J.: 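To start, I am sharing the structure in question, which I have written as structure tokens.
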Amino acid sequence: MRAASDSAASVTGQQDPGVEGDRDGHGSGDVSAGSLGARRPGRDLCEIADLDLAETCALLSAARALIPLAAGDGPRRSDCLAGAQVLSLFAEPSTRTRLSFEVAARRLGAQVVDFQHDAASSAAKGETELDALRNLDAMGFDAIVVRDRRDGYPGWLCSQLRARVINAGDGAHEHPTQALLDALTILEAFDREPVPGAMTGLRVAICGDLRHGRVGRSNLRLLRTLGAELVIAGPGELAPATLAAEFEVELAPNLDAALEGAHVAMMLRIQRERLPASLQLPDDASYHSAWGLSERRLERLARGGVVLHPGPMNRGVEIADAVADGPRSRVLRQVTLGGAVRMAVLARACGVPLVQTIADTGATR
Ligand code: CP
């Protein structure tokens with residue numbers, strides 16, 4: 001298990017053999033998450049700030065139109081990305097995001113190739129990761145979907161590769177497509193249009209481990225942009241006051257207070273893979289008692305309030321079985337809408353206008 005201070009390091013971190021610019025022999029300079037001037041507007045998606053409000057609404061609108069294709073209950077396939085090649089580069093475990101991108105790309109007619117810079121590749125013969133990726137880039141991939149434990153790594157790749165870069169989760173930094181699919185799920189649940197101010201009057205409680213998680217950060221940025229009222233809650237170091245101050249959101253003293261009147265309870269798992277060894281956490285039963293979403297606690301939500309969880313869930317820890325599988329849960333709907341969001345994001349990365357994507361898929365909304 002890595003310490004949080006390691007995982008939160010930028011890709012210039014000394015701990016990461018083979019990923020520094022100098023070590024790769026390319027002299028990349030400062031590649032931290034805070035120096036992402038290399039991104040190409042309208043194509044790369046490395047963090048929520050890459051989207052302005054108009055583009056956010058256009059993406060959500062396109063994704064909404066693509067839901068039947070994503071859900072498999074409309075047209076089965078489109079050719080609007082026929083001929084496009086997508087490189088899937090997942091260096092951290094994933095079930096939903098990796099497969100969701102892959103299915104989304106295939107349903108739009110694109111081809112997907114997986115790559116792992118591991119012992120089965122020429123890494124075994126001493127090739128650096130960056131050299132490998134530059135060689136793959138020379139094969140003409142249109143887009144690269146990247147998950148990595150290093151904060152800022154996808155943003156740095158934008159300065160190194162011709163292919164457009166989509167961040168599928170980088171360390172504790174951001175997970176922009178998760179936030180987009182969460183937003184789409186909330187808009188659908190409350191019958192709101194994807195327009196500026198769409199979430200005005202909606203209170204969203206984001207609860208659990210915000211400090212070591214990327215989903216919370218991307219959501220705090222995106223949902224605020226759309227007008228939501230935000231409150232965070234979690235045990236001490238997992239939801240620190242500094243984070244609430246950074247994002248200028250309310251910090252609730254406990255879970256019950258956070259849930260009171262909330263329209264959305266977004267539950268986040270403890271990011272155990274990113275916790276410092278020194279951090280003491282209660283056992284699962286104690287955590288659930290204090291910070292887990294139970295059926296009883298659901299009563300605090302506003303009328304019609306819904307439950308989101310990005311997955312993977314730790315049942316009986318941050319969320320009870322009865323809640324995860326209950327009528328207020330939108331957990332599986334998030335996954336379906338995630339496919340639609342990723343179709344829209346892939347089309348944008350490949351330079352296909354969203355309106356054309358919608359028209360080509362036969363979607364009507
Ligand atoms: N929500 C999410 O990122 O899930 P995976 O880690 O399974 O991709």
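Positions are given from 1 along the sequence. On a predicted model such as this, the values are computed, not experimentally measured, just so you know. Atoms within a ligand are numbered from 1 in the order they appear, just like the ligands themselves.
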J.: Do R342 and T177 have a side chain donor and acceptor closer than 3.5 Å?
T.: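 Yes, side-chain donor-acceptor contact under 3.5 Å.
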J.: From the options N314, V307, D325, select the one residue that forms a side chain to side chain contact (heavy atoms under 4.5 Å, CB included) with I319.
T.: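 Single pass found, and it is V307.
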J.: Would you check if there is a donor-acceptor pair between the side chains of H212 and R272 at a distance under 3.5 Å?
T.: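 Not at all, the side chains of R272 and H212 share no donor-acceptor pair under 3.5 Å.
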J.: Collect the protein residues that have a non-hydrogen atom under 4.0 Å from ligand 1 and hand them over in chain and number order.
T.: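 If the criterion is a heavy atom under 4.0 Å, then ligand 1 touches S94, T95, R96, T97, R147, H175, Q178, P310, G311.
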J.: Decide if atom CG of D118 counts as having more than 12 heavy atoms of other residues, nucleotides or ligands within a radius under 6.0 Å.
T.: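 Yes, because the 6.0 Å sphere around CG of D118 holds more than 12 heavy atoms from other groups.
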J.: List for me each residue that meets salt bridge (Lys or Arg N to Asp or Glu O under 4.0 Å) alongside R77, sequence neighbours excluded, and say none if there are none.
T.: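 By the salt bridge (Lys or Arg N to Asp or Glu O under 4.0 Å) rule, R77 matches D79.
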J.: When you look at CG of L332, are more than 12 heavy atoms from neighbouring residues, nucleotides or ligands closer to it than 6.0 Å?
T.: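 It does not: L332 CG has 12 such atoms or fewer within range.
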